[in-house]
2 protein chains.
Amino acid sequence: MDNDMLKLENQICFMVYAAAREITKQYRPLLEELDVTYPQYLALLVLWEKNELSVKELGEKLYLDSGTLTPMLKRMEAHKLIIRQRSKQDERSVIVSLTEKGESLRGKAACIPGALLENMNIYGPELDQLKKTLGKVLNSIQEGD
Amino acid sequence: MDNDMLKLENQICFMVYAAAREITKQYRPLLEELDVTYPQYLALLVLWEKNELSVKELGEKLYLDSGTLTPMLKRMEAHKLIIRQRSKQDERSVIVSLTEKGESLRGKAACIPGALLENMNIYGPELDQLKKTLGKVLNSIQEGD
DNA sequence: TCAAATTAAATTGTACAAAATTTAATTGTT
DNA sequence: AACAATTAAATTTTGTACAATTTAATTTGA
């Protein structure tokens, strides 16, 4: 029994890990036209919803810390997608906001979610179930200690 | 409608990406005792099944290329977990095999899959469904072009 | 048979990812 | 007020990821 559990194919964790990377690969050609990476695209998704946001708030939404975000946001700033500026109210915080250029990519991005869903080949109830289960996994892990 | 699809929370791809990283974090304290990382642990899972394997074969199982594997396998070799040697039959291939030490970690690892499943809080039919759906996603993506 | 095509690793360069530490600003307490 | 504790980013270090290129070995075909 334990023998079988140590087989790669039986590991749900490996499937999630592999699927995440394969999905990211699917995004690459689409995101190339926007000249952003997948994590940068995720940051843009958040910023398109809420133009102003601290690094901390962005990190909470993306499950990423400043060690990852700081350099990534600097790259995005160098590409003129966002602006980073210290908050006046609390100088510890850095506020991230969209530039015109960052804002303008939203239109180009509109077709991406649909294209990806199509590639994944999952629809309707199966898709809903997948969301539900992954949501449960994420919640369990957040709480769990 | 497109508006909603560009929301982070509605993106199944983001959930997979976030879940993969959160799951990896769950492994960390357990794998620390074996002094390996999660991708290294995955390589060991494969090697515990089949002691001898080329880098290419390993890459096919893990969905990783030599650009990732070569440095990782060198680190594992430096830690005395594996041996890398050119194949005699085909000098282009590098054969990876376990050392005594690498072999011996298998026992310590036996409890890990169960511990992780417990953290994820998914059981029975829901777990089976998750496997089935992720398998479908991986297959669709492999074929798709 | 021998040059062209293919293949397997390695290398190069860019970009995450996360733990651990550091720095600077703010808050809470006495 | 003043100092300890806390907080937010940045920095440092190590380790993946992966596209693109290079190198060396093998296979193929005229």
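Convention: sequence-line order gives letters A, B, ...; per-chain numbering from 1.
- Checked by distance alone, Ser93(A) brings no side-chain donor or acceptor within 3.5 Å of a matching partner on the base of dA8(D).
- Ranking dA17(C), dT26(D), dA10(C) by closeness to the Glu91(B) side chain, first place goes to dT26(D).
- Between dT23(C) and Arg92(A), no contact under 4.0 Å exists linking OP1 or OP2 to a side-chain N or O.
- You won't find any donor-acceptor pair under 3.5 Å spanning the side chain of Ser66(B) and the base of dA8(C), going by distance alone.
- Using a 4.0 Å heavy-atom cutoff across all strands shown, Ser54(B) reaches sugar-phosphate atoms only and no base atom.
- Checking dT26(C), dA9(D), dC18(D) against every side-chain atom of Asp90(A), the shortest atom distance belongs to dT26(C).
- Atom CD1 in Ile95(A) sits roughly 12 Å away from atom C1' in dA9(D) (whole-Å rounding).
- At the heavy-atom level, Thr37(B) lies under 4.0 Å from the strands shown only through sugar-phosphate atoms.
- At the heavy-atom level, Leu69(B) lies nowhere under 4.0 Å from the strands shown.
- Considering only the side chain of Lys25(A), dA19(D) comes nearest among dA18(C), dA19(D), dA9(C).
- A salt bridge links Glu22(A) with Lys25(A): the closest approach of a Lys/Arg side-chain nitrogen to an acidic carboxylate oxygen falls below 4.0 angstrom.
- Residue Gln89(A) places none of its side-chain N or O atoms closer than 4.0 Å to OP1 or OP2 of dT26(C).
- The Arg75(A) side chain lies nearest to dA15(C) when the options are dT26(C), dA15(C), dA18(C).
- In this structure, the separation between NZ on Lys108(A) and CG on Leu31(A) is 12.0 Å, given to the nearest 0.5 Å.
- An OP1 or OP2 oxygen of dA9(C) is reached within less than 4.0 angstrom by no side-chain nitrogen or oxygen of Arg86(B).
- A sub-4.0 Å separation between OP1 or OP2 of dA8(C) and a side-chain N or O of Arg84(B) is absent.
- At the phosphate of dA19(C), neither OP1 nor OP2 sits under 4.0 Å from any side-chain N or O atom of Arg21(B).
- For the pair Thr70(B) and dA10(C), the criterion of a side-chain N or O lying under 4.0 Å from OP1 or OP2 is met.
- OP1 or OP2 of dT11(C) sits under 4.0 Å from a side-chain N or O of Lys74(B).
- For dA17(D), one of the phosphate oxygens OP1 or OP2 lies less than 4.0 angstrom from a side-chain nitrogen or oxygen of Tyr17(A).
- Taking 4.0 angstrom as the limit, Arg28(A) places none of its side-chain polar atoms (N or O) nearer than this to OP1 or OP2 of dA17(D).
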